[in-house]
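Just below is one structure, and these are the notes that go with it.
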Amino acid sequence: MLLSRPVKPRLSPRLCAGLLLLFSGALAAQEDPAEADPAAAVVLTGSGTANLTLSGTATPLAFGTTATGLLVELEPIVNRLGGRLEVGPLRQSYSLAIGEALLVIVPGSPALTSGTEIQALSQAPAIVDGRLLVPLELLERSYGAQLGVTFAWDEARAVLSVTRPPQRELPLEVGLVHLQGVTTVVLQFPEAPRYRVVRSAGVYEVVLVGDRVVPPAPGPKVEDPWVRSIEVTPERIRLELAPDCAAESYTLKTPFRLVFDVFKETPAATSAAPALPRDSARRVIRTVVIDPGHGGKETGALGPAGSAEKELTLLIAKTLAARLEQALAVRTVLTRSDDVDLGLDERSALANQNKADLFLSVHLNSSVGRGALGAETYFLSLQASDQRAADAAAVENYVGAAVAPAGSDDFELQLLLWDLAQSQHLAASQRLATMIQEELNRDLDLRDRGVKQAPFRVLMGAAMPAVLVELGFISTKDEEQRLRTPEYRAQLVETLVRAVGRFKVEYETGATVPAGAP
Ligand SMILES: [Zn+2]
């Protein structure tokens, strides 16, 4: 089963209105070596146990101070404000689900994955004494954004107060359209409401949190194959779906719209490889996210016979996903399964959201010089390993005006930031890149262009081993012709499957698998 959107969590957050969190514990300067990963190490200028006090009940809460600012333990706050905090293997990443929102937190990295965006925090979360400590900024970007609460830290009194802004009355407009097997329900508000989405069998409810809806008059009329009814009250909007239907939701800005795509679930969809439990501390490759390069307006490179990179990468990625599931029993997720626009950050954000253990971005090369041949595999670096690698990164990083141009201050800053997410995995990424290149060299009549490093934007935010592979030159007539045949693409896919299989065994067991092993 291929998913083009992140798997969304189910939960029902508990909510406490007008609460006050009180810290009262003395600062105790102490050494606190981070235990899980050296990359998560943090230098504390002070640390200790505070009291998180709410409605007269005190809960212990770890906190620490660094040169940059305050870090507070996340878990007691989750317990009070609602949501679900889950830890990944090796405590390398955490996911925090609040209503519809899923955030991925990587200790040691200031890159916060929120939905399909990667945001920059001014201070990285850290593991101290086995607890996840986060900056207040993260609380604002998560609970603040989802529940409408605001956090204020009074340093003199050591009090963190959580307050709720006044209630608003927000007029609602409802739109509904059925197109190509999908019903799209649009709930439009003049400004973003505070809400959460609660799912039960066949019903999606948008529950307002601290705000109220002014229902449209007359109420929405629904005559649709997938949506039975839409009921609106000041407190909630209730969507009842037809049998065997499901929905995915997302938001659009200006004006704020909450959108539900409702579709009929096929038997294949319900038998999709489930998200496996990830409580084991062993390193395991369970989920592989495959990223077909480009899409939509971004055609990627074009061949002399008119093939577009975006079409061929999608064909290769789909076959690869199916073959990886068959051969290695892994779950696969495509960043896109259609010809759609998708930002570079969104691609790695999707990998983080899906708790991917591997991220593989599939591309085809182009060259202005005639007759360029061969495949090359990249892992991330701020410095390109040679001019050709620098050029390749510049080409792949270019997606219209959406990305700050290379060389600008903004771009350099983003590079430094995103690199931190990937930095914990560079050794594994290099190993995977090497194996892919070895298998490509062994099996295919492709010129070995080697393993290279370059600042590929799409790899930067990925919090797992991640590589970008250029499977030949679409700009060269012969390679384009070969890439157009399903047989040749299948050969490329088998090569990649073997490389990922070798990597999986080595990563999970430490045993080395020679090139070309079945
Ligand atoms: Zn490309």
Side-chain angles (χ1 to χ4, degrees), residues 289-321 334-348 350-351 359-369 372-381 384-403 405-406 411 418 422 429 433 436-437 440 446-447 449-462 466-477 479-480 482-484 488-489 492-493 495-496:
V289 168
I290 303 161
D291 172 45
H294 312 276
K297 289 193 295 290
E298 304 299 330
T299 57
L302 296 170
S307 311
E309 180 183 356
K310 66 171 185 176
E311 292 162 7
L312 294 171
T313 56
L314 183 57
L315 291 171
I316 292 167
K318 282 183 169 177
T319 315
L320 178 60
L334 290 181
T335 56
R336 65 179 181 95
S337 50
D338 291 302
D339 183 20
V340 293
D341 291 301
L342 191 62
L344 295 174
D345 287 350
E346 284 177 75
R347 298 170 191 254
S348 50
L350 281 166
F359 179 72
L360 200 55
S361 190
V362 177
H363 288 258
L364 298 169
N365 245 329
S366 64
S367 168
V368 281
L373 292 169
E376 53 199 7
T377 314
Y378 286 92
F379 64 103
L380 182 67
S381 155
S385 48
D386 56 36
Q387 187 55 46
R388 165 68 211 144
D391 292 346
V395 168
E396 301 297 7
N397 286 341
Y398 181 80
V399 288
V403 173
F411 187 76
W418 305 148
Q422 178 59 199
S429 298
I436 289 175
Q437 196 61 36
L440 286 167
L446 271 173
R447 183 175 302 172
R449 302 181 64 93
V451 170
K452 296 177 180 179
Q453 283 187 280
F456 284 100
R457 177 72 183 233
V458 72
L459 302 179
M460 287 172 195
V467 302
L468 183 147
V469 57
E470 302 267 9
L471 290 169
F473 280 80
I474 194 176
S475 57
T476 299
K477 197 179 163 200
E479 279 198 3
E480 183 194 19
R482 285 205 294 180
L483 285 161
R484 282 160 72 104
Y488 180 68
R489 290 197 301 268
L492 284 172
V493 162
T495 305
L496 293 173

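Computation of the quantities below employed the complete heavy-atom set of this structure, encompassing side-chain atoms and omitting hydrogens, waters and symmetry-equivalent molecules. Start at 1 and go down the list; that is how both ligands and their atoms are numbered. Residue indices begin at 1 and follow the sequence shown.
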Review point. The Zn ion (ligand 1): which protein N, O or S atoms are under 2.8 Å away?
Key: His294 NE2, Glu309 OE2, His363 ND1, Glu396 OE1, Glu396 OE2
Review point. Under 3.5 Å, side chain of Ser429 to main-chain N/O of Ala466, donor-acceptor pair present?
Key: yes
Practice item. Using atom types as modelled and distance alone, determine if a side-chain donor or acceptor of Arg482 lies under 3.5 Å from a backbone N or O of Tyr488. Key: no
Point to revise | Residue pair Leu483 / Leu492, side-chain heavy-atom distance below 4.5 Å | key: yes
Exercise for review: Measure the spacing between CZ of Arg484 and CG of Leu315 and express it to the nearest 0.5 Å.
Suggested key: 11.5 Å
Check your understanding: Rounded to the nearest 0.5 Å, how far does OG1 of Thr313 lie from NE2 of His363?
Key -> 7.0 Å
Practice item. Return the set of residues passing ring pair (Phe, Tyr, Trp, His ring centres under 6.0 Å) with Tyr378 (not counting sequence neighbours), or none when no residue passes. Key: Phe456
